Amino acid sequence: MNKFHLKSSAIARAAGAALGVFVLASNALAASPGGPDRCLNELCSMRSLASFDGMKAGSGGEATSTESPHYGTWGIDLAGMDRTVKPGDNFYDFVNGTATKNMVIPADRSGIGSFDLLEVLSEARSRALVEGLAAKHGLTGNDAKIADVYRSMMDEKAVEQLGAEPLKPELAAIAAIKNKAEMAAFMGRTSGDFGIGFFAASIGSDDKNPSLNALRLTQAGLGLPDRDYYLQKSFADKKAKYQAYVATMLNLVGYANAEQEAKRIVDLETAIAKVSWTRIERRDTDKTYNATTVAGLSKLAPGFDWLPFLQAASLADAKKVIVTEKSAFPKIARIFAGTHLETLKAWETFHAADQAAPYLSSNFVTASWQFRSHELGGAQEQRPRWKRAVGAVEATLGDALGRDYVGVYFPAESKAKMEALVADLRAALKDRIEHLTWMSDVTKTRALDKLSKFGVKIGYPDKWRDFSNLEVKRGDLFGNMQRSSAFEWAFALSKLDKPIDPTEWLMTPQTVNAYYEPTRNEIVFPAAILQAPFFDPKADMAVNYGGIGGVIGHEITHGFDDEGRHYDGGGKLSDWWTKADSAKFDAQTKIYGKQFDQFEVLPGVHVQGGLTMGENIADLGGNLLALGAYHRSLKGAAAPVIDGFTGDQRVFMGFAQVWRSKYREDMLKRLAVSDPHAPDQFRAIGPVRNIDAWYEAFDVKPGDKYYLAPKDRVRIW
C-alpha cells in the first residue's frame, strides 16, 4: 500500500495501545513502505483552545460541543500572531508565536494542534452518534454492532473480572509450539489475530500492474517505534525501559523467568533492527519492488519456514509475492533460524499480551499506557474510557460509523466547493508545468498526461463496506476485537490477485487527514478535514486557498514528488522521465534536503531531509499551487487588503496557521526518527523560503534568519 498522507497515521498507531484503538491487522499496514507513514501534524494555541467550542482550556481534551470551529473574523487568529517577530526570521512564530506560547497540552495527549483539535471534534461527534445508539434498544444491523462494541468497551466491571482470561487460549497456543515450522505458522496466523511475525503481509495494488491486488511482504518484528531506538545511544534509556516493560507484561501473564526472557527478547529485536532497512532506504520505490513467487521465498531467504507461514495466513496460493527490503530478508531469516525456540515463544507471548492489553483488565491497560503513551510520548494521563470506546468502534466499524457521520455533519455544499477548489489547483499545476524552464517538452507532455488522469474523492465513498459477516457480541470486548481483526484480514484476502475496487477508500470520512494513492493516481479528502483552519465558508478565500488549497496542492504534488514521480498516469511504477530531467530534479532535491537537515528540532536533534523529502516537496508544491489558484480565482481583479494584509500574505498565513502545534519532548524525539514529515514549525518555514512571492509579500531581506539568495532557492514544481 503506497499512500502518501497529509498527517502521519504512524502517530495514531503509536498511541493505539493506550487509546484502545489498536487494529490487530495493522502490522502489515505499518510495515508497508511508503505508507501509511505520510502525514501532517500540528495543533492550536491555548487561545484557540479557549475559543474553539469543542474544547475547554485545561479540560484534558474533553469535547463539549460538536460545532465547527472558526478562527478570527476572516479566518486568521490575529491574537495568536507574534508581530514582534519578523517573517523572515521565523515565519511560523510570526503567524503562530503567541498562540504557541500559550498552548497547554492536555494531560492525556503527547501534543496539541490544529489537527488534534479537529480530531477531538470528530471524536465528540462520533461519541454523540455512538452513545445515541448505545442508549437505544431493539437495534439491528450495523447500528446494533456499533452499540455493542461501545458497550463492551465501556463495561469496565466485566473486563476487570475477566482479567487475563480472554488471552489464555492464545498463550496456550504459543506454549504448545513444538518446532520452528509451527512457530512460523503462528506468525502467519497473526495477520488476523494478536501477535506479530518477523515478516508482515499486506494486500494492495501491484505497483507494476496497478489494476490488480498483490501480496506484499515487509520486514517486521520490532516492538519499539523505529530501529533507531535499539541502535542509537540517545534512545538507550527508552530501550532499557522497554525491556522493563517486556518483563512487566510477561509477569502479568505468569511467564517464568520474565526478567531474563525480557533481556533475550530485546537482544533478539536489536539483532533484527541491525539488519533492517532504515526508513530512508524504504522510500526508494524501485528498490522496494522485488517480485518473486511463493517458491522463490525459500531461495531468497532460507532459514525461515515460508510455506507454513503463508499457509496459516491463507496466502500460499498467491500468484505473486512483492518483497520490499530484499537484502534484509535473508538476514532476518537467519536470525529466526539461529534463535532458540523458547526465546521465540517468549517473544511472541509478550507481543500477544502487548497487543491485547487495551482490551484486558486495568493492570494490563496501565502497564501499556505507562510505557507506550507516557514513556514514549510524554502523556501524563490515560485517556478517558469513553474515548477508548469510541476508538474501538472506529477500529472495528469505522466505515459504518462514517456513514452515520456524514449524514449529520457533512453538508453537500462543502463537497461542491471542494470540487471547484480542486479544479483551480489542478489548473494551477498545469500552468506551472507548462512554464517550467528546467524540464524538457517530452517529460512535460507525460507530466500533463498524468495530471489529466488524476482522480478526486471528496467527503465519503460512493459505496459503503458490508459488515454483515462481522460477528459482534454484547459483553465480549476481547472477542469482538479478535473477530474484527479476523474479519479485516478476510476482507484483505478477498482482494488477493483480484482487480482493485476503484471505489474503495483507505480512510474513513471522520478521519482528519487526506492522502494521495499513486497506484490509483487519486487524491482523497475525508469529510472531517473540511473545516477550519483548513476550510471555512465564512472565511476570506485567500485564507481558504492557503489552508485547504495548500492541502489539495500538497496531495496533488505527491504525484510528482521524489516517490510519486516514479508512477505514470495509469498508476504504474515506471520510468517516464528523460535521464536529463531526472538528474535536474534529483539535484534540486539534494539541495532541498540539505536545507532541512540544518533545522534543529531540539538541541542536537535535527530534521532528516532524506526521510521528510516527499512531504517537504509536497508542502512546497502546496504553497505554490495555492497561491497560483488564488490568483486565478481573482480573474484579473485586484486582491482586497484585509486588516492591512494583502491577498498573497493571507494565502501564506493560511498555510502556516494550519501547522500550529506543541509536542512533548519525548514525542518530538520519536517523530524525528520515525515521521516522514518535518516538524510543524519547519513545514511553515522550510517551503516558503524557496518561494520568490513570499519574499515580496513580507519584504524579506538579506540578513533575515531564513533568507535565501535567489540562486540558492529550490525550483522544482
Side-chain angles (χ1 to χ4, degrees), residues 24-28 30-32 169-203 214-223 261 264-265 267-277 290-352 354-355 485-486 489-490 492-493 496-497:
L24 302 182
S26 68
N27 288 327
S32 63
E170 292 292 304
L171 302 182
I174 297 170
I177 292 173
K178 300 181 183 65
N179 52 55
K180 295 287 184 69
E182 291 184 5
M183 174 55 71
F186 188 88
M187 290 181 179
R189 268 186 52 196
T190 65
S191 295
D193 206 341
F194 290 106
I196 66 173
F198 277 28
F199 304 95
S202 62
I203 297 168
L215 168 62
R216 183 185 299 269
L217 291 176
T218 61
Q219 66 186 30
L222 304 181
E261 293 299 339
R264 290 174 178 167
I265 289 169
D267 287 346
L268 168 60
E269 293 188 6
T270 301
I272 296 173
K274 287 179 180 177
V275 302
S276 297
W277 284 20
N290 304 282
T292 185
T293 62
V294 169
L297 287 171
S298 296
K299 296 179 181 178
L300 170 66
F304 185 77
D305 298 276
W306 286 105
L307 190 57
F309 172 82
L310 294 171
Q311 286 175 333
S314 300
L315 294 169
D317 294 329
K319 296 177 181 178
K320 178 190 287 188
V321 182
I322 301 168
V323 170
T324 52
E325 306 86 0
K326 185 177 180 180
S327 64
F329 267 50
K331 297 173 184 176
I332 296 174
R334 283 197 294 271
I335 292 172
F336 176 84
T339 301
H340 196 281
L341 180 61
E342 292 306 312
T343 299
L344 292 173
K345 290 165 75 170
W347 174 82
E348 194 66 79
T349 297
F350 158 69
H351 282 291
D354 178 42
Q355 293 192 359
S485 181
W489 185 241
L493 289 172
L496 180 62
D497 297 323

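In this text the structure is predicted, and so the values were computed from the model without any measurement.
- Atom CG of Asp497 sits about 9.0 Å away from atom NZ of Lys320, to the nearest 0.5 Å.
- Residue Lys180 places its NZ atom among more than 12 non-hydrogen atoms of other residues, nucleotides or ligands, all under 6.0 Å distant.
- Remark: of the listed residues Val323, Thr293, Val321, Val323 is the sole one forming a side-chain contact (heavy atoms from CB on, under 4.5 Å) with Leu300.
- The minimum heavy-atom distance linking Ile272 with Gly221 is given by the pair CD1-O, 4.1 Å.
- To the nearest 0.5 Å, atoms CG (Leu215) and CG (Asp317) are separated by 11.5 Å.
- For the pair Gln355 (side chain) and Gly195 (backbone), a donor-acceptor distance under 3.5 Å is present.
- For the pair Phe350 and Glu261, the minimum side-chain heavy-atom distance is 4.5 Å or more.
- Between the side chain of Gln219 and the main chain of Ala328, no donor-acceptor pair closer than 3.5 Å is present.
- Put simply, NE2 on His351 and OG1 on Thr190 are 10.5 Å apart, with the number rounded to the nearest 0.5 Å.
- Between Trp306 and Ala301, the shortest heavy-atom distance links the atoms NE1-O, 3.0 Å.
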Note to self: As a quick check of understanding, evaluate ring-ring contact (aromatic ring centres under 6.0 Å, His included) for Phe304 and Phe198, giving each step before the final call.
What the structure shows: CA-CA 9 Å; Phe304 185 77; Phe198 277 28; 7.0 Å; no
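- Of all non-hydrogen atoms in Ala201 and Leu315, the two that sit nearest each other are CB-CD1, 3.7 Å.
- For the pair Arg264 and Thr339, the minimum side-chain heavy-atom distance is 4.5 Å or more.
- For Gly197 against Ala220, the heavy-atom pair with the smallest separation is O-CB, 3.5 Å.
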Next item on the list: Go through Leu344 and Ile177 one step at a time and tell me if the side-chain contact (heavy atoms from CB on, under 4.5 Å) criterion holds.
Entry: CA-CA 10 Å; Leu344 292 173; Ile177 292 173; over 6 Å; no
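- Under the 30°/60° scheme for interplanar angles, the aromatic rings of Phe329 and Phe199 are found to be tilted.
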Notebook entry, point to check: Yes or no on salt bridge (Lys or Arg N to Asp or Glu O under 4.0 Å) for Glu325 and Lys331, after CA distance, side-chain angles and deciding distance?
Noted result: CA-CA 11 Å; Glu325 306 86 0; Lys331 297 173 184 176; over 6 Å; no
Note to self: Before you tell me yes or no, could you show the steps for Glu170 and Phe186 under side-chain contact (heavy atoms from CB on, under 4.5 Å), namely the whole-Å CA-CA distance, both residues' side-chain angles and the distance that decides it to 0.1 Å?
What the structure shows: CA-CA 10 Å; Glu170 292 292 304; Phe186 188 88; 4.0 Å; yes
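- Taking CD1 from Ile265 and OG1 from Thr349, the interatomic distance works out to 7.5 Å, rounded to the nearest 0.5 Å.
- Atoms CG and OG1, from Asn290 and Thr324 in turn, are 8.0 Å apart once rounded to the nearest 0.5 Å.
- Salt bridge status for Lys345 with Glu348: absent, with no side-chain N to carboxylate O gap under 4.0 Å.
- A donor-acceptor pair is defined here as one N or O able to donate and one able to accept, closer than 3.5 Å; such a pair exists between the side chain of Trp489 and the backbone of Ala313.
- Between Leu310 and Leu297, some side-chain heavy-atom pair lies under the 4.5 Å cut-off.
- Pairing each heavy atom of Leu341 with each of Met183, the nearest pair is CD1-CB, 4.2 Å.
- Closest heavy-atom contact between Ile332 and Val275: CG1-CG2, 3.7 Å.
- Atom CG of Asn179 is surrounded by more than 12 heavy atoms from other residues, nucleotides or ligands within 6.0 Å.
- Atom-to-atom distance recorded for Leu268:CG and Ile335:CD1 is 7.0 Å, nearest 0.5 angstrom.
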